[in-house]
Amino acid sequence: MLKGRGGRGIVGGAVSLTALAVASIAFAAGDRTVETKDFTIPGNDFGIGVAKCKKGSQVTGGGFSITPLSATDIYTRVKIAAPLEREWSVGLESFQEDDRSATSYALCRKGSGIRPVLERQPVDGSVQSINEVVAKCPRGSSVVGGGGATKGGYNKTFILESRPEGSRSWYVKTFTAFDFAGKQAAYATCDPKNSNNYETVSETSTTPVPVARRGVVSEVRANAKCPQGSETTGGGYATANDPNRAVIVSRPKGERTWLGAVRTYYPEEGFTSYARCLLG
């Protein structure tokens, strides 16, 4: 695996991690904002939306939402949901003929010191269809958010899970089509100074909304809520290895909730939403 700090490319060049050894101050209340960017996914095509933090701020995490076209719509794929220095980039595939609407969400914080750390590797569907990659913050730092990216042909590789793991890492699981070769990456945004305290919370749901009989597409929602007095800095999700699922929401709501939703034929297998919390 190649280690490095994220540059301008989504699955791009690596640089030294020593840049993380910079001074950082404790975060102040009220310096968190959420920026959004609406965009369109063309029918049977790929669409990308980039939400940008204002000058003087940096991205800690982010998410996305996709507007379903019908009650039975399940055909979307998440290929990119990842941070850059001041941006959150979302790349989505649609398998419906009609265009659909989507939104990219960037969680931003004033100041400096937060940097994305990148871990990338090739994937080969002839070896295994489910692949994992983890980006880890340096010792003495904390993960505040993160994301993932895949690079490959249309409907050949996409993200199944993107979530915090422990106090320093961001975990990404991808699906790769049989006999197809591509690339994948995990990004962790790291707070290099231990002047801030963090916690990960999650919620798992198996309840369809609305309730639907087996064999019919159902929507399952899970909302992870940070403790009272804290706020989200990033979030993600986990779903089963079955590729016939479509994560349509993974985004912040208010100060301390992370929303998640998936379209699935098998709601009983569960869906989990994760939030990384900056404790008050």
Side-chain angles (χ1 to χ4, degrees), residues 34 36-41 47 49 51 61-82 88-96 98-107 145-148 150 158-164 171-175 200-226 232 234-277:
V34 178
T36 62
K37 176 64 176 180
D38 296 331
F39 64 102
T40 298
I41 314 171
F64 60 88
S65 64
I66 307 166
T67 302
L69 297 177
S70 70
T72 59
D73 171 29
I74 196 172
Y75 300 106
T76 56
R77 298 285 185 256
V78 180
K79 292 185 73 74
I80 301 168
W88 182 265
S89 183
V90 174
L92 306 167
E93 290 178 341
S94 173
F95 299 89
Q96 298 282 353
D98 297 330
D99 295 353
R100 68 173 68 214
S101 300
T103 303
S104 175
Y105 296 78
L107 269 72
T150 62
F158 51 87
I159 298 170
L160 292 171
E161 293 187 22
S162 179
R163 58 176 175 81
Y171 170 92
V172 173
K173 179 188 289 185
T174 66
F175 172 84
T200 297
V201 299
S202 64
E203 179 186 82
T204 301
S205 178
T206 59
T207 304
V209 183
V211 175
R213 65 186 183 276
R214 188 180 180 90
V216 176
V217 173
S218 302
E219 184 173 316
V220 177
R221 302 171 188 169
N223 301 327
K225 184 168 286 189
C226 292
T232 59
Y237 60 89
T239 187
N241 290 343
D242 177 12
N244 293 314
R245 291 167 171 254
V247 180
I248 60 171
V249 178
S250 180
R251 67 169 182 86
K253 181 181 180 181
E255 292 290 323
R256 61 189 187 98
T257 301
W258 199 270
L259 304 181
V262 65
R263 287 291 179 94
T264 175
Y265 292 107
Y266 306 103
E268 67 275 9
E269 293 183 357
F271 176 72
T272 304
S273 182
Y274 292 82
R276 189 66 172 156
C277 310

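Bear in mind the structure is a predicted one, so any value in this text is a computation, not a measurement.
Qualifying ring pair (Phe, Tyr, Trp, His ring centres under 6.0 Å) partners for F64, counting only residues two or more places apart in sequence or in other chains: none. Residues satisfying the side chain to side chain contact (heavy atoms under 4.5 Å, CB included) test with T232, not counting sequence neighbours, are R32, L107, C226, P252, W258, A275. Under the rule for a ring pair (Phe, Tyr, Trp, His ring centres under 6.0 Å), the partners of F158 that lie at least two apart in sequence or sit in another chain are F175. Every residue two or more places apart in sequence or in another chain was checked for a side chain to side chain donor-acceptor pair (under 3.5 Å) with T257, and none qualifies. A search for salt bridge (Lys or Arg N to Asp or Glu O under 4.0 Å) contacts involving K173 returns E161, not counting sequence neighbours. Contacts of R100 classified as salt bridge (Lys or Arg N to Asp or Glu O under 4.0 Å), with partners at least two apart in sequence or in another chain: D73.
Side chain to side chain, S65 and R251 fail the donor-acceptor criterion of an N or O pair below 3.5 Å. Side-chain contact annotation: T204 with T272, donor-acceptor N/O pair under 3.5 Å present.
Closest of all the heavy-atom pairs between S273 and A224 is O-CB, 3.4 Å. Summarising the geometry of D242 relative to L160, their closest heavy-atom pair is O-CD2, 4.3 Å, with the distance given to 0.1 Å. Considering all non-hydrogen atoms of both residues, E219 and A261 come closest at OE2-CB, 4.0 Å. For P68 against I248, the heavy-atom pair with the smallest separation is CG-CD1, 3.8 Å.
No donor-acceptor pair closer than 3.5 Å links the side chain of R245 to the backbone N or O of Y265. Although no hydrogens or angles enter the test, the distance criterion places a donor-acceptor pair under 3.5 Å between the side chain of R77 and the main chain of P243.
The side-chain heavy atoms of I80 and T150, taken from C-beta on, include no pair separated by under 4.5 Å. Side-chain contact between F271 and T264 is absent, with no heavy atoms from C-beta onward closer than 4.5 Å. In this structure, L92 and I66 have side chains that are in contact, with non-hydrogen atoms separated by less than 4.5 Å. Counting heavy atoms from C-beta outward, V249 and Y237 have side chains that stay 4.5 Å or more apart. The side-chain heavy atoms of S104 and T36, taken from C-beta on, include no pair separated by under 4.5 Å.
Heavy-atom neighbours of Y75 OH from other residues, nucleotides or ligands within 6.0 Å: at or below the threshold of 12.
Salt bridge status for K79 with E93: present, with a side-chain N to carboxylate O gap under 4.0 Å.
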